[in-house]
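Reviewing the structure listed below.
Worth knowing before you read on, the calculation uses all heavy atoms, side chains too, and leaves out hydrogens, waters and symmetry mates. Convention: sequence-line order gives letters A, B, ...; per-chain numbering from 1.
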Protein chains: 2
Amino acid sequence: MTSLVPDPTRRDNTLAIVDTLRNQGPMARIDLGTANGISSATVTAITTELLRHGLVSELPAEPHRQGGRGRPKTLIRLEPEAAHVVCVKLSLNEVQVVAGDFAGQVRHAETHSLTTATLTPDTLCDVLEEHIQAVSAALPGGPRRLDGICLAIQGVVSPASGMLIWSPALRFRNTPLTGPLAERLGCPVMLENDTNCIASILARQPAYADTPNLAVIMLGYGIGMSVLIDGRPLLGANGSAAEIGHSKFEPGGALCACGRRGCIEAYASDYALYREAHALLSLPPGDSAHPSEAQMQALVRLAEQGDPVARQIYHKAGRALGYGIANVLALFNPDLVLVTGSGVRGYAAMQPALEAAIDEALVPELVGASRLATHPWDRDMTCLGGIGLILEATDPMRLTDLSS
Amino acid sequence: MTSLVPDPTRRDNTLAIVDTLRNQGPMARIDLGTANGISSATVTAITTELLRHGLVSELPAEPHRQGGRGRPKTLIRLEPEAAHVVCVKLSLNEVQVVAGDFAGQVRHAETHSLTTATLTPDTLCDVLEEHIQAVSAALPGGPRRLDGICLAIQGVVSPASGMLIWSPALRFRNTPLTGPLAERLGCPVMLENDTNCIASILARQPAYADTPNLAVIMLGYGIGMSVLIDGRPLLGANGSAAEIGHSKFEPGGALCACGRRGCIEAYASDYALYREAHALLSLPPGDSAHPSEAQMQALVRLAEQGDPVARQIYHKAGRALGYGIANVLALFNPDLVLVTGSGVRGYAAMQPALEAAIDEALVPELVGASRLATHPWDRDMTCLGGIGLILEATDPMRLTDLSS
DNA sequence: CTGATATAATTCAGCACTCAAAATAATCTG
DNA sequence: CAGATTATTTTGAGTGCTGAATTATATCAG
C-alpha cells in the first residue's frame with residue numbers, strides 16, 4: 001500500500017481524474033490526460049494505482065463501437081461499489097434520505113414525515129442516525145459501510161465548523177451537528193445549506209458550464225438563494241450569505257416571517273401569496289399557516305385564467321421579486337440568474353411585472369449583462385447535489401481497501 | 001540563466017517568498033520558511049536564485065540587535081531597484097500618477113487636471129503615455145524602464161480582458177485599454193476598478209487581517225463598493241459587481257444620475273446631498289453640478305451645528321445608506337463593512353439614522369454577525385493599492401536581468 | 001492473409017523539486 | 001577557549017512529471 005499522504009501534485013491529479021470520471025462518465029486514459037492537462041504517462045500511473053485499490057475498473061471493450069483505426073481506447077470507469085454515501089435533506093416536517101454510490105448514481109431514496117419543531121439536538125441525531133442506518137441496510141448487498149454523509153439543511157449553516165446556526169425547521173440554534181453524527185455513524189459528515197446543494201448540481205450541468213457566476217433563486221414556502229462565484233458557493237462570514245429573501249423591496253412594506261417589513265419574501269413566497277389570496281379567493285381547504293401544493297396550484301390557475309385578484313397578487317409579487325433580482329444583478333453581476341423551487345409554478349404569472357421591475361430598477365449600464373431563466377423544479381435535486389458534494393469531498397485515498 | 005518556465009511548485013514558492021518580503025519587510029530565511037510552510041533548504045535554494053538575479057539582497061548584519069544566542073539571522077530584503085511600476089488613477093477631470101519600486105515604496109507622485117469628458121480612446125492613451133513617460137523620467141536615476149502599470153479607473157472595467165466597460169469620467173465605452181497602452185509603453189499593463197485597489201490595500205493592513213470577507217464602501221461624488229471574498233475582489237461576469245450605489249432604497253424614489261429612481265446613490269452621494277441642500281441652505285459658491293470639498297464641508301458643519309434642514313438631509317441619506325448596507329449584509333454576510341471615501345466626512349451626521357435603518361431592515365438572525373466601521377479617507381490610497389496589485393502581478397521571473 | 005498505417009497504453013530515462021538530516025557557520029556564555 | 005545555540009548550506013533520498021521510445025491492438029488495402 002502506498003503512502004496515505006502523497007505529494008500534493010499527485011493528489012490534485014488523482015482528484016481531478018476521479019472528478020472527471022464522475023462528471024463525464026467512463027473515459028480513456030488519453031482523454032483523461034488531455035481533459036486535465038496532464039501527460040498520458042501520468043494518467044497511466046494514477047489509474048494503475050486506482051485499479052489496484054478497486055476504485056476504478058476497465059470497461060470491457062465493445063467489439064463494434066469505435067469508428068477509428070488504431071488501437072481502441074480502453075474506457076476507465078469509477079467502480080460504483082467502491083463507496084457509498086448518503087445525503088439527508090432536512091426541511092420543515094420532512095426528512096429525505098438518499099443513498100448514492102461512488103459513481104454518483106442513486107441507489108435508494110426514502111422520504112419521511114416528522115414533526116421537526118419539537119426536535120432537540122439529541123432527538124434529531126437519534127432520528128437521523130436511525131434513518132441513515134435503515135438506508136444503509138436497505139442497500140443492495142445488505143448493510144454497507146458508509147463513506148460519507150451530507151446533511152443538507154434549510155437555513156443558515158456553517159460548513160466549516162459543522163454548526164447549525166439557524167433553521168426554520170428547528171427550534172434550537174448554534175448547535176454542532178457534524179461532530180456528534182460523525183461519532184455515532186463512524187464516518188465523515190459534512191453540512192451544507194440545501195440551496196447550495198441545488199446550485200452545485202445545476203452548475204455541473206453542461207448547459208450551465210459557461211456560467212461560472214451563477215445565482216440560483218429558490219422560490220417556495222420561503223425564498224432562498226445560492227450564489228456561485230467562479231463555481232464555488234458564496235458562504236460569507238458565518239454561512240448566511242445570499243439571503244435574498246430578506247433583502248428589501250420597500251421600507252415599511254409587507255410584514256415578513258422574520259419580523260421585519262418589506263422583505264422580498266413577504267411578497268413572493270408561497271406564504272405571502274397565500275396570505276394575500278386566501279381571504280379573497282376560494283381555494284381548496286388546508287392548513288392556514290402552510291399552504292398546500294394544491295392550494296398554490298389553484299391560485300396559479302386562477303391567475304392564468306385571468307382572475308383579476310389573483311393576477312394582481314402575482315403582479316405585486318413579480319414586481320417585488322424583480323426589484324430583489326435587480327439588486328442581485330447590481331451587487332453580484334452574475335452570468336446567469338436561475339429561478340427554481342416549487343414556486344416556479346407561478347413564474348409565468350409573475351414574469352411581466354418581474355421583467356418590467358428589473359428594467360425599471362437596474363442601472364442602464366447593466367441591462368443585458370446577465371441572463372435570467374427558470375429551471376424546472378425537482379424535489380430530489382437537493383439530495384443529488386448533496387451526494388455530488390460529499391463524493392467530491394471524499395478523499396479517494398481514504399477509500400483504499402486495507403486488505404489489498 | 002535558469003529556465004523561464006519553472007516548475008509550478010517552485011513558482012508558487014518563489015511568489016510566496018517575494019510577497020512575504022513585500023508585505024512584512026526584511027526577514028531571515030528560516031522565518032520565510034515557517035511563514036510559508038516550506039523547508040529552510042528550499043528557501044535557501046530560492047533566495048540564492050533571487051540574489052543571483054539581483055531581485056533581493058542581504059541586509060548587512062547590525063552588530064548590536066539580536067538578543068538571542070546562536071548564529072544571527074541574515075535578513076533578506078527586496079532590492080528596491082529591481083523593478084519600477086506605476087499606478088495611474090483616472091477620475092473625473094483628474095489623473096494621478098504614482099511610481100513605486102520593487103519593495104512597494106512610493107518614489108514619485110504627480111496629480112494633473114484635465115478635461116476627461118472630451119477624451120477619445122486615442123487622446124486618453126496620448127495623455128497617459130505622456131504622464132507615465134514623465135514620471136519614469138522623473139525617477140531618481142533618470143528615465144527608468146517600467147516593469148508594470150496599473151490603470152485604476154472609476155467605473156466598470158474588465159480586468160481579465162483589459163477593457164474599459166464604462167466610466168463616469170469618460171464618454172466612450174467598451175474600449176480595450178491595456179493592449180494599446182502596453183504596446184506604446186512596452187510593458188505589461190493591468191486594469192482595475194479604483195475601489196478594488198483601495199480594498200486590496202485595506203485588506204493588507206494587519207488590522208483587517210482576520211476579516212477576509214470585507215466590503216469597502218466608497219462615499220464620494222458617487223457611491224461605489226468593493227467586496228473581498230476570502231481576500232479576493234468580487235468581479236462578476238463583466239467586472240461590474242458590487243454596485244451598491246445603484247442598489248435600491250425605495251421604488252420610485254429620488255432620481256439618480258443613472259436615470260433610475262430610488263438608488264442609494266441618489267440619497268447619500270455628494271451630488272445628492274448637495275442637490276437637496278443648495279436651494280435651502282447658503283453654502284460657499286461653486287460649480288452646481290460638482291459640489292466642491294468646501295461646499296460639502298460647509299454642509300456637514302451645518303448638520304453638526306444642529307441646523308435642522310442639514311440634519312434632515314443627512315438623516316435621510318443615512319437611512320437610505322443603512323437600507324443599502326442591510327442588503328449588503330444579507331447578501332454577502334461579510335465579516336466587516338468599512339465605509340470610506342471623501343464622504344466619510346458626513347458619516348457622523350448620518351450614523352444615528354444609518355444604524356437605526358440597519359436595525360429596522362436586517363433580518364434578526366443576522367444582527368451582530370458583521371461589524372461596521374469607517375476608515376479615514378486618504379486620496380492616495382487608490383494608487384498605493386494599485387502599486388501593490390501590479391507588483392503582485394509582476395512575475396519575478398520576468399525581471400531577471402539578462403546580462404547576469 | 002499480409003504488410004502498412006494508425007492510435008492507445010506503457011515503459012524508460014532525465015530532470016526538477018522538496019525535504020530531512022548532516023555539516024558548516026556564526027555568535028554567545030561561562 | 002570550550003561548549004552551547006541558532007541559522008544557513010549541503011547532501012542524499014524520494015517522488016512526480018514529461019517526452020520519447022516501445023509495445024499493443026486495431027483498421028485498411030490489396
Pairs of donor and acceptor atoms involving the side chains of residues 178-191 of chain B, under 3.5 Å and at least two apart or interchain, shall be tabulated with distances.
{"unit_1": "Arg184(B)", "atom_1": "NH1", "unit_2": "Asp126(B)", "atom_2": "OD1", "d": "3.0"}
{"unit_1": "Arg184(B)", "atom_1": "NH1", "unit_2": "Glu129(B)", "atom_2": "OE1", "d": "2.6"}
{"unit_1": "Arg184(B)", "atom_1": "NH2", "unit_2": "Asp126(B)", "atom_2": "OD1", "d": "2.9"}

How far apart are the closest heavy atoms of [X] and [Y], and which atoms are they?
{"X": "Asn36(B)", "Y": "Leu32(B)", "value": "ND2-O, 3.0 Å"}
{"X": "Ala99(B)", "Y": "Ile387(B)", "value": "C-CD1, 4.0 Å"}
{"X": "Phe332(A)", "Y": "Leu234(B)", "value": "CD2-CD2, 4.2 Å"}

Open item on the list: One character per nucleotide, please: for nucleotides 2-13 of chain C, 5' to 3', B when the base has a protein heavy atom closer than 4.0 Å, S when only the sugar-phosphate does, - otherwise.
Closed with: ---SBBBSBB--
- [ ] Side-chain contact test, heavy atoms from C-beta onward, threshold under 4.5 Å: evaluate it for Val98(B) versus His108(B) and give yes or no.
- [x]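 A side-chain contact is absent here, since even the closest heavy-atom pair is not under 4.5 Å.
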Open item on the list: So Pro396(A) and Leu15(A), do their side chains get closer than 4.5 Å, heavy atoms only?
Closed with: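 The answer is yes, as the side chains (C-beta and beyond) meet within the 4.5 Å cut-off.
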Measure from [atom1] on [X] to [atom2] on [N] and round the result to the nearest Å.
{"X": "Leu32(B)", "N": "dC19(C)", "atom1": "CG", "atom2": "P", "answer": "14 Å"}
{"X": "Ile17(A)", "N": "dC17(D)", "atom1": "CD1", "atom2": "C1'", "answer": "13 Å"}
{"X": "Leu50(B)", "N": "dT8(D)", "atom1": "CG", "atom2": "P", "answer": "15 Å"}

Using the 3.5 Å cut-off, write out each protein N or O paired with an N or O of nucleotides 13-16 of chain D and the distance between them.
none

Open item on the list: Quiz question: by atom type and distance under 3.5 Å, do the side chains of Thr74(A) and Arg29(A) form a donor-acceptor pair?
Closed with: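 No, because no side-chain N or O of Thr74(A) sits under 3.5 Å from a partner of the opposite role on Arg29(A).
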Task: Donor on one side chain, acceptor on other, Ser226(B) and Asn196(B), under 3.5 Å - done: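 Distance-only check passes for Ser226(B) and Asn196(B).
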